[in-house]
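Single-structure report; data block below.
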Amino acid sequence: MADGTLDSQLIVLFDNWPGVPRVIPDAPDGRFTAAATHNVATAAHKAGQKIAVWNTAAAGQEGMSTFIYLQILRTAAPASAAKQVVVPSSATEWWVVTNDPDQATAVIVEGSALAAVCLSAMTTEYWGWFWCGGICPEAWVSGLGGNYGTESTVVAGMICTNNLTADSIGFGPVAADTEAACGYALTDDS
């Protein structure tokens with residue numbers, strides 16, 4: 001079956017990552033993708049630091065969103081890009097993530113409770129911010145708006161991470177007792 005899609009405004013992510021986010025006031029689009037802190041070889045923040053923001057209705061849904069600071073590990077394919085789902089790729093360093101199902105830790109791809117979304121393309125082993133909770137923060141990162149890959153069987157309700165046919169990680173239905181929800185779909189995918 002072919003992969004489907006789900007619009008960014010119809011996804012709510014659960015922040016299942018450890019730690020309590022710090023809440024910051026309004027700021028312009030681009031703050032989380034700034035060159036000094038995002039897609040950098042040396043971490044500009046502590047691994048796993050989280051920040052919560054308020055997304056305005058002018059760009060997507062209105063409500064809280066959470067970002068987390070992580071390190072990406074990936075191969076040449078799939079290349080990382082905005083709106084790609086990532087999961088842990090290390091059994092000992094929970095802050096190291098991948099968008100490649102073949103690099104994910106065992107049993108993590110299908111039904112991972114820890115899921116985040118790339119804000120942009122990233123270089124392997126570089127550090128940056130990822131969307132990890134709440135509504136899609138389109139007011140803060142305009143590149144996150146639009147469609148996200150799904151397994152083409154998502155119905156309104158709980159969603160989890162899933163291996164897509166394009167050998168990337170996307171969203172799918174929570175199908176078994178061993179799968180943990182990482183978010184909620186407000187409608188069926190298309």
For residues 62-71, please give each side-chain donor-acceptor pair under 3.5 Å, one per line with the distance, not counting sequence neighbours.
| residue | atom | partner | partner atom | Å |
| --- | --- | --- | --- | --- |
| Glu62 | OE2 | Trp54 | NE1 | 3.2 |
| Ser65 | OG | Ile135 | O | 2.7 |
| Tyr69 | OH | Thr37 | O | 2.6 |
| Tyr69 | OH | Ala44 | N | 3.2 |
| Gln71 | NE2 | Glu125 | O | 2.9 |

Practice problem: Compute whether any side-chain donor of one residue and acceptor of the other, for Glu138 and Ser8, lie under 3.5 angstrom apart. | Solution: yes
Quiz prompt | Flag for Asp3-Thr165: side-chain donor and acceptor within less than 3.5 Å | solution = yes
Separation between [atom1] of [X] and [atom2] of [Y], rounded to the nearest 0.5 Å:
X	Y	atom1	atom2	value
Asn147	Ile11	CG	CD1	8.5 Å
Asn162	Ser112	CG	OG	11.0 Å
Cys132	Trp17	SG	CH2	7.5 Å
Phe14	Tyr184	CZ	OH	8.0 Å
Asn99	Leu73	CG	CG	9.5 Å
Asn55	Gln9	CG	CD	9.0 Å

Which pair of non-hydrogen atoms, one from [X] and one from [Y], has the smallest distance, and what is that distance?
X	Y	value
Pro173	Cys160	O-SG, 3.3 Å
Ile169	Thr161	CG2-CB, 4.1 Å
Trp94	Gly48	CH2-CA, 3.5 Å
Leu119	Ala82	O-CB, 3.4 Å
Lys83	Gly145	NZ-O, 3.2 Å
Pro88	Thr98	O-CG2, 4.5 Å

Self-check item: Steps toward side-chain contact (heavy atoms from CB on, under 4.5 Å) verdict (Phe171, Glu151)
Solution: CA-CA 6 Å; Phe171 297 116; Glu151 191 190 21; over 6 Å; no
Heavy-atom side-chain contact between [X] and [Y] under 4.5 Å:
X	Y	value
Ser168	Asp100	no
Val154	Asp188	no
Cys136	Tyr148	yes
Ile72	Cys118	yes
Val53	Phe32	yes
Pro21	Ile51	no
Leu144	Pro137	yes
Val86	Phe130	yes

[X] side-chain N/O to [Y] backbone N/O, donor-acceptor pair under 3.5 Å:
X	Y	result
Trp131	Gly133	yes
Asn16	Ala113	yes
Ser80	Met122	yes
Lys50	Gly19	yes

If hydrophobic clusters are built by linking Ile, Leu, Val, Met, Phe, Trp and Tyr wherever their side-chain heavy atoms come under 4.5 Å apart, do [X] and [Y] end up in the same one?
X	Y	value
Leu186	Leu13	yes
Leu164	Val85	no
Met158	Val155	no

Exercise. Let me see the working for Val87 and Leu114 under side-chain contact (heavy atoms from CB on, under 4.5 Å), right down to the final yes or no.
Key: CA-CA 6 Å; Val87 297; Leu114 298 178; over 6 Å; no
Exercise. For Tyr126, enumerate each residue passing the side chain to side chain contact (heavy atoms under 4.5 Å, CB included) test, keeping only those at least two apart in sequence or located in another chain.
Key: Asn39, Ala41, Thr123
Quiz item: Can the ring centres of His45 and Trp129 be said to be less than 6.0 Å apart?
Solution: yes
Practice problem: Give the C-alpha distance, both sets of side-chain angles, the deciding distance and a yes or no for side-chain contact (heavy atoms from CB on, under 4.5 Å) between Ser89 and Val97. | Solution: CA-CA 5 Å; Ser89 65; Val97 296; 5.6 Å; no
